[in-house]
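Read through the structure below, which is laid out as structure tokens, and then see the notes.
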Amino acid sequence: MFNEHIFDYLRTDKLPHIWCPGCAHGIIVGSLLRSIEKLKLDKNKIAVLSGIGCSGRTPGYLDMNTLHTTHGRSLTFATGIKMAKPELTVIDVMGDGDAVAIGGNHFIHACRRNIDIKAIIFNNNIYGMTGGQYSPTTPINYYASTAPYGNVEPSFDIVKLATGAGASFVARADAYHIALLDNVMEKALSHKGFSVVEVMATCPTQFGRRNKMKEPYQMLDFVAERAVSLKKWQEMSEEEKKGKFPIGIFVDEQRDEYVETYEKNVIEKAKRGEK
Amino acid sequence: MPNIELMSGNDAVVKAAIMSGCKFYGGYPITPSSEIAEGMAKELPKVGGKFIQMEDEIGGIGAAIGASLTGVKSMTATSGPGFSLKQEHIGFAVMGEIPIVIVNVMRGGPSTGMPTYPSQGDVMQARWGTHGDHQIIALTPCSVQETFKLTFEAFNLSEMYRTPVILLTDEIIAHMREKVILDEAKNYKIIDRVKPSVQSEQYKPFDNKYGLVPPLASYGEGYRFHITGLTHDETGFPTSNPNTVEKLQERLRDKILKNRKNFDWYEERMVEDAEIIVVAYGSVARSAMRAIKDARRENIKAGLFRPITLWPFNYERIKKLSKKCKKFLVAEMNLGQIVGEVERGACGVKTKVDFLGRANGEFITPTEILSKIREVMNV
Ligand SMILES: Cc1ncc(C[n+]2csc(CCOP(=O)(O)OP(=O)(O)O)c2C)c(N)n1
Ligand code: SF4
Ligand SMILES: [Mg+2]
């Protein structure tokens with residue numbers, strides 16, 4: 001998997017990164033960069049945004065046009081960038097808290113518009129940066145700093161949420177099955193339209209420690225054991241599916257992209273003086 | 001034939017924004033600002049610009065900031081509750097030094113308040129609404145013609161100083177129809193942000209080398225820079241080094257305060273011999289103008305000070321005036337906001353500061369101001 005060319009896309013002077021040893025965030029960034037490199041994308045034409053959180057520190061390390069925005073709102077900035085300069089490839093890195101808690105509304109509307117933004121969600125099932133509070137994807141009965149008796153809130157299924165909201169590319173991968181992650185990442189980057197990649201990540205420091213998985217390998221095992229390929233998933237009984245999640249590509253459709261449609265249907269008409 | 005049109009304050013914002021070269025609007029509709037969104041939705045695509053109605057006001061300003069970073073002049077407009085929602089991102093634009101214009105058409109509050117009634121209740125929110133110590137520029141027009149002009153100025157200042165600028169109008173100015181001499185625009189400057197002239201390797205988005213306002217590159221033009229809402233060094237990368245942070249904070253402050261003389265706009269009427277100076281801004285200044293004329297007819301020496309640049313507030317001018325007059329009367333449609341600033345300006349002198357204000361949705365009339373002038377002058 002190692003690809004030395006990804007250094008061309010890094011601000012190496014900003015390293016080392018702030019992530020804890022054993023954090024999966026770096027695994028996801030590695031995959032993202034390999035895909036960018038494989039597609040030979042021009043780094044001058046890539047904008048990478050993020051919200052706030054551990055995942056949110058990603059753009060700072062990338063030698064591209066980068067914006068570390070506010071918690072949960074990065075998709076709004078991304079929308080402005082994509083509309084104003086459609087030739088840019090716009091990648092938005094979000095935590096689970098960013099994407100589906102505080103930013104949930106922006107997320108579903110970006111899906112609905114099908115604007116060409118690649119939304120990469122680093123889902124570590126926890127608020128990593130702020131000290132391990134539960135997120136909308138913390139599994140039931142797991143512990144968090146604000147769930148000292150175990151979490152009682154049902155989780156969002158981000159894949160279903162994105163699908164229902166209208167995203168034209170929706171995939172889930174994880175930080176253990178790297179071949180799939182790379183594959184999905186590359187497809188998302190090549191897709192025209194709103195593309196969601198939920199990556200099941202790990203946070204040994206804030207999630208693992210509270211849930212008897214403080215070693216990074218334990219957390220990676222926790223992900224690996226629950227991830228099931230989509231094909232296999234479809235053959236499993238409801239009982240067998242409990243506590244597990246499917247990985248793969250769930251939606252991959254060509255649909256009208258928002259900015260193109262705006263340019264065609266609104267700008268063209270307005271310039272011709274039509275209504 | 002001069003080019004004259006009858007239009008509302010909100011129409012004037014749209015007209016001037018397009019003429020200023022605005023190419024992006026992101027917003028969410030709310031009374032009494034919605035006509036700005038409607039106008040921009042219609043006019044922007046005609047000039048190749050883009051309009052988007054976002055899912056809320058936070059999204060509206062977020063999109064506008066994003067668009068601005070690609071190099072296009074961008075704006076948003078809102079009122080009341082929507083202005084509250086925008087506050088976090090106003091702070092982001094301050095910290096990231098991203099040019100953007102925010103129009104806030106003031107309506108009655110707090111909360112949903114009185115959506116269709118006028119107010120000047122957001123004056124302090126414009127100043128201090130976003131968290132953290134910061135400077136902000138806010139301009140307040142008192143006519144449709146002036147709304148037209150100040151919209152140009154708002155874009156210019158935001159571009160010149162890499163900062164969010166708030167155009168603070170009110171429901172009366174926004175919905176009132178007056179003639180606007182569009183040819184006036186020929187006398188207005190249109191200023192664009194300074195872009196870097198160095199090679200991309202040498203570019204630092206917050207370079208101290210250029211004095212108070214560093215050049216701003218655009219995304220996609222080869223500069224590959226980083227912007228964060230965290231305190232940062234010259235490269236834009238986060239730091240909490242107290243010396244670096246202090247330098248940043250001071251520059252952010254100084255770029256507004258030390259340049260204030262360049263946009264220190266106000267109007268004065270008959271202040272030379274005035275014993276009482278009415279301080280009023282926005283729509284209320286119109287009543288005040290009439291009231292001081294009526295007072296003069298009754299031989300009361302009344303004058304008017306009308307701040308056009310509301311923030312940063314002109315304390316020095318108040319101090320100067322306070323040495324001439326006996327009394328200030330501050331009239332505003334709130335329960336007392338700018339009056340406190342006038343008191344600060346007049347602090348240490350004997351001039352008394354009186355107040356006439358309310359927040360019940362009713363406009364302050366010339367007669368009321370006149371009665372109050374008589375009352376405080378004991379006539
Ligand atoms: C408006 C706002 N509310 C709360 C916070 C505090 N905060 C910062 S990051 C974060 C959660 C981060 O969790 P997630 O998005 O999952 O990212 P992770 O750190 O796990 O990668 C919170 C609550 C904030 N920065 N802004
Ligand atoms: S706290 Fe968790 S998410 Fe954050 S860097 Fe450490 S391991 Fe990663
Ligand atoms: Mg998280």
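Residue numbering restarts at 1 for every chain, and letters A, B, ... go by the order of the sequence lines. Scope of the values below: all heavy atoms of this structure, side chains included, with no hydrogens, waters or symmetry mates.
- Shown here for B:Tyr219 and A:Leu67, the closest heavy-atom pair between the two residues is OH-CB, 3.3 Å.
- The contact between A:Val259 and chain B is made entirely by side chain atoms (from C-beta outward), counting heavy-atom distances below 4.5 Å.
- A salt bridge does not link B:Glu221 with A:Lys45: none of the charged nitrogens is closer than 4.0 Å to a carboxylate oxygen.
- Heavy-atom neighbours of chain B within the stretch residues 107-120 of chain A, taken at a separation under 4.5 angstrom, comprise A:His109, A:Arg113.
- With rounding to the nearest 0.5 Å, the separation of CZ in B:Phe51 from OH in A:Tyr262 is 7.5 Å.
- Residue A:Lys269: no heavy atom, backbone or side chain, is found under 4.5 Å from chain B.
- Contact annotation for A:Met83: both backbone and side-chain heavy atoms come within less than 4.5 Å of a heavy atom of chain B.
- Checked by atom type and distance alone, the side chain of A:Lys271 never pairs as donor or acceptor with a backbone atom of B:Lys46 at under 3.5 Å.
- A donor-acceptor distance shorter than 3.5 angstrom exists from the side chain of A:Asn65 to the backbone of B:Gly220, with no hydrogens or angles considered.
- Atoms CE and NE2, from B:Met54 and A:His106 in turn, are 7.0 Å apart once rounded to the nearest 0.5 Å.
- The line from CG of A:Leu75 to CD of B:Glu55 is 8.5 Å long, rounded to the nearest 0.5 Å.
- Between atom CG of residue B:Leu230 and atom NE2 of residue A:His68 there is a gap of 5.5 Å, rounded to the nearest 0.5 Å.
- Against chain B, the residues from residues 86-104 of chain A that qualify, each with a non-hydrogen atom under 4.5 angstrom away, are A:Pro86, A:Leu88 in number order.
- In terms of heavy-atom pairs under 4.5 Å with chain A, the best-connected choice from B:Pro238, B:Gly48, B:Gly26 is B:Gly48.
- Atom CZ in A:Phe77 sits 8.0 Å away from atom CD1 in B:Ile61 (nearest 0.5 Å).
- Heavy-atom neighbours of chain B within the stretch residues 4-27 of chain A, taken at a separation under 4.5 angstrom, comprise A:Arg11, A:Lys14.
- Taking 4.5 Å as the heavy-atom cut-off, the residues of residues 63-76 of chain B that approach chain A are B:Ala63, B:Ile65, B:Gly66, B:Ala67, B:Leu69, B:Thr70, B:Val72, ordered by number.
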